[in-house]
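Each chain gets a letter, A, B and so on, in the order its sequence line appears, and its residues count up from 1. Quantities reported herein were computed from a predicted structural model and do not represent experimental measurements.
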There are 2 protein chains.
Amino acid sequence: MSRSTMRSRAVPYRPRTLAPIERVPGLDYDVLDELLGYSLRRAQVAMFLAFAAATRGLDITPPRFTALVVIGANPGINQSVLGRVLGIARSGAMALADWFEARGWVERRRRSDDGRAWGLHLTRRGERLVAAMKERVRRHDRRRAAVLTAAERRELVRLLEKLAG
Amino acid sequence: MSRSTMRSRAVPYRPRTLAPIERVPGLDYDVLDELLGYSLRRAQVAMFLAFAAATRGLDITPPRFTALVVIGANPGINQSVLGRVLGIARSGAMALADWFEARGWVERRRRSDDGRAWGLHLTRRGERLVAAMKERVRRHDRRRAAVLTAAERRELVRLLEKLAG
DNA sequence: GCGACATTGTAATGCTCTATAACGATCCCG
DNA sequence: CGGGATCGTTATAGAGCATTACAATGTCGC
């Protein structure tokens, strides 16, 4: 099998400095300020910045983080399901798994119930890393969300879930 | 260090897929359900689907829509400022302007106050198109948001604004 | 005015993420 | 058993963005 043909990145890791979208003073934003989609986008920027701060130096992105958390909480999950969770194609989920495996965070194990599928599992090292990562992300998320009261926070999550369907 | 030399990376503006993020039954989402960032992301996908429905057949994306609205509301805006509004580099703003110009929606005009800059303006045709587009997007945005009551919608916007800071 | 530096538009280049399509292996079901 | 679905995999293509470099133009300190 040629999964050993690992996809290599020419540039291993480049730290990224993140900047918020500028709210240019004096500019007319017209209809944008009425759109829920645009409000969501702006709020997402704020939370994304918190995420970036939490994962600085780890070469982690939101999809990668989501994948690691889901693998950790659902050992043996296969790549197709992972792709559905992330909303990406199987091929993309596989590239993710390769990437994790190359770092020794995740390993593939044969599944007894399905000869086609590989089960994804965190390694010891992956578990330690994900645990630390989750803690840092949660802390930053809460800190950023601290502009809201606890009740507001709960209400916001409720409304977002309702919206997401 | 000047702002122009600061590295920045645009926060993903929109899901790059039209597929909704599946909520796989029986799967453990662990810490994700506590994270505001994740809830925001899922809600954003839902609103993006509304946007996609509104602009179907127009070959429009959220950045393009934002750019057109901003150009329409701020005639003569230059490409650097447009880039800052969108959170992308000048070169990207330029590619956008090229794209609009090729379709005859936007034209560049020399600015009397700055010999380096080009002012961006909607053409007649661009104006008609943007007006129609704004109406459609607004309608779909409201329709998708209709899963919320009017009061909930107002509250959501308030919380999002507070979060976006 | 002059000179250093900043800013604008532009072009070239490369990377990352994602989709799509194809394929063999395996599973499921009638 | 046989046809179709599913899984992992590979290859390929394209969108979107950053980065870098450059010339033209603007700005500011002196």
Side-chain angles (χ1 to χ4, degrees), chain A residues 1-19 21 59-67 76-84 86-99 101 106-120, chain B residues 1-19 21 45 48 52 59-67 76-84 86-101 106-120:
Chain A
M1 116 191 32
S2 42
R3 202 179 62 236
S4 54
T5 312
M6 210 62 71
R7 301 189 178 183
S8 62
R9 320 251 159 170
V11 180
Y13 171 61
R14 187 168 51 227
R16 298 168 252 211
T17 310
L18 296 141
I21 302 306
D59 204 5
I60 281 295
T61 63
R64 285 177 189 160
F65 176 74
T66 302
I77 188 177
N78 70 37
Q79 299 171 191
S80 290
V81 174
L82 183 61
R84 286 210 299 277
L86 297 174
I88 62 176
R90 288 203 308 286
S91 53
M94 178 175 155
L96 264 181
D98 283 349
W99 195 85
E101 206 177 44
V106 163
E107 61 183 16
R108 291 167 160 105
R109 296 189 205 147
R110 276 289 177 209
R111 291 178 54 158
S112 50
D113 61 330
D114 191 333
R116 298 166 299 180
W118 290 91
L120 300 178
Chain B
M1 169 181 293
S2 75
R3 191 170 56 223
S4 66
T5 59
M6 277 198 306
R7 285 197 189 165
S8 71
R9 179 192 173 89
V11 179
Y13 195 98
R14 65 188 167 106
R16 292 177 219 192
T17 170
L18 286 179
I21 297 184
V45 170
F48 176 74
D59 204 4
I60 281 295
T61 64
R64 284 177 190 160
F65 177 74
T66 302
I77 189 175
N78 70 38
Q79 298 171 189
S80 290
V81 173
L82 182 62
R84 286 209 298 277
L86 297 174
I88 62 176
R90 291 202 306 286
S91 53
M94 188 191 139
L96 267 180
D98 283 349
W99 195 86
F100 294 145
E101 205 177 44
V106 163
E107 60 183 17
R108 292 168 160 103
R109 296 189 204 146
R110 276 290 176 208
R111 290 179 53 160
S112 50
D113 60 330
D114 191 333
R116 298 165 300 178
W118 291 92
L120 300 177

Trainee: Would A/Arg108 and A/Asp98 satisfy side chain to side chain contact (heavy atoms under 4.5 Å, CB included), going step by step from the backbone distance to the final call?
Mentor: CA-CA 10 Å; A/Arg108 291 167 160 105; A/Asp98 283 349; 3.0 Å; yes

Trainee: Look at all strands and tell whether A/Ala89 reaches a base, only sugar-phosphate, or nothing, counting heavy atoms closer than 4.0 Å.
Mentor: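 Since a base atom lies under 4.0 Å of A/Ala89, the category is base.
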
Trainee: Ignoring backbone atoms, test whether B/Gln79 places a side-chain nitrogen or oxygen under 4.0 Å from the OP1 or OP2 oxygen of C/dT7.
Mentor: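 So the side-chain polar atoms of B/Gln79 never come under 4.0 Å of the phosphate oxygens OP1 or OP2 of C/dT7.
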
Trainee: Provide, to the nearest angstrom, the distance between the CG atom belonging to A/Leu96 and the C1' atom belonging to D/dT9.
Mentor: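 After rounding, the reported distance stands at 15 Å.
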
Trainee: Report all interatomic pairs (protein N or O, nucleotide N or O of nucleotides 27-30 of chain C) with separations under 3.5 Å.
Mentor:
residue	atom	partner	partner atom	Å
C/dC27	OP1	A/Gly115	N	2.6

Trainee: Enter the distance from B/Arg116:CZ to B/Arg110:CZ here, rounded to the nearest 0.5 Å.
Mentor: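 Rounded to the nearest 0.5 Å, the CZ-CZ separation comes out at 11.5 Å.
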
Trainee: Measuring from A/Gln79:CD to A/Leu86:CG, what's the distance to the nearest 0.5 Å?
Mentor: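 Spacing of CD (A/Gln79) from CG (A/Leu86) equals 11.5 Å.
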
Trainee: What is the separation between atom CE on A/Met94 and atom C1' on C/dA19, rounded to the nearest whole Å?
Mentor: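 In whole Å, C/dA19 C1' and A/Met94 CE are 16 Å from each other.
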
Trainee: Nearest whole Å is fine: how far is D/dC7 P from A/Leu82 CG?
Mentor: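 The answer, rounded to whole Å, is 13 Å.
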
Trainee: Taking atom C1' of C/dT8 as reference, at what distance in whole Å does atom CZ of B/Arg111 sit?
Mentor: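 In whole Å, C/dT8 C1' and B/Arg111 CZ are 10 Å from each other.
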
Trainee: Start with the C-alpha gap between A/Arg111 and A/Trp118, add the side-chain angles, then the distance that decides, and say whether side chain to side chain contact (heavy atoms under 4.5 Å, CB included) holds.
Mentor: CA-CA 6 Å; A/Arg111 291 178 54 158; A/Trp118 290 91; over 6 Å; no

Trainee: Does D/dT9 have its OP1 or OP2 closer than 4.0 Å to a side-chain nitrogen or oxygen of A/Trp118?
Mentor: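 Checking D/dT9 against A/Trp118, a side-chain N or O does come within under 4.0 Å of OP1 or OP2.
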
Trainee: Would you state whether a donor and an acceptor, one from the side chain of B/Ser91 and one from the base of D/dT19, lie under 3.5 Å apart?
Mentor: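 Indeed there is one.
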
Trainee: Counting only side-chain N and O atoms of B/Thr61, is one of them less than 4.0 Å from OP1 or OP2 of D/dA15?
Mentor: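 So the side chain of B/Thr61 is outside the cut-off, no N or O lying under 4.0 Å from OP1 or OP2 of D/dA15.
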
Trainee: Can you measure from CH2 (B/Trp99) to OG1 (B/Thr61) and round to the nearest 0.5 angstrom?
Mentor: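 Answer for the CH2-OG1 pair, B/Trp99 versus B/Thr61, is 7.5 Å.
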
Trainee: When the distance from CD1 of B/Ile88 to P of D/dA15 is rounded to whole Å, what number comes out?
Mentor: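 After rounding, the gap between these two atoms is 16 Å.
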
Trainee: Output the distance between atom OG1 (B/Thr66) and atom CG (B/Leu96), rounded to the nearest 0.5 Å.
Mentor: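 Reported to 0.5 Å precision, the distance equals 9.5 Å.
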
Trainee: For the pair made of CZ in A/Arg109 and P in D/dG8, what is the distance, rounded to whole Å?
Mentor: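 These atoms are roughly 16 Å apart.
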
Trainee: Nearest whole angstrom, please: distance from the C1' of D/dT25 to the CG of B/Asn78.
Mentor: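 For the pair B/Asn78 CG and D/dT25 C1', the rounded distance is 13 Å.
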
Trainee: Which atoms form the tightest heavy-atom contact between B/Ala93 and B/Ile88, and what is the distance?
Mentor: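 In terms of heavy atoms, the two residues are closest at N-CD1, 3.5 Å.
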
Trainee: Considering every strand and a 4.0 Å limit on heavy-atom distances, what is the contact class for B/Arg64: base, sugar-phosphate, or nothing?
Mentor: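 Sugar-phosphate, backbone atoms only, no base.
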
Trainee: Counting side-chain heavy atoms from CB outward, which of C/dT10, D/dG16, D/dT9 is closest to B/Arg90?
Mentor: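 For the B/Arg90 side chain, the nearest candidate turns out to be C/dT10.
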
Trainee: Counting any heavy atom closer than 4.0 Å, what does B/Arg108 reach on the DNA or RNA strands: base, sugar-phosphate only, or nothing?
Mentor: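 If one applies the 4.0 Å heavy-atom cut-off, B/Arg108 turns out to touch the sugar-phosphate alone, with no base involved.
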
Trainee: Let me know the distance between CZ of A/Arg84 and C1' of D/dT6, rounded to the nearest Å.
Mentor: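 Distance, rounded to whole Å: 10 Å.
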
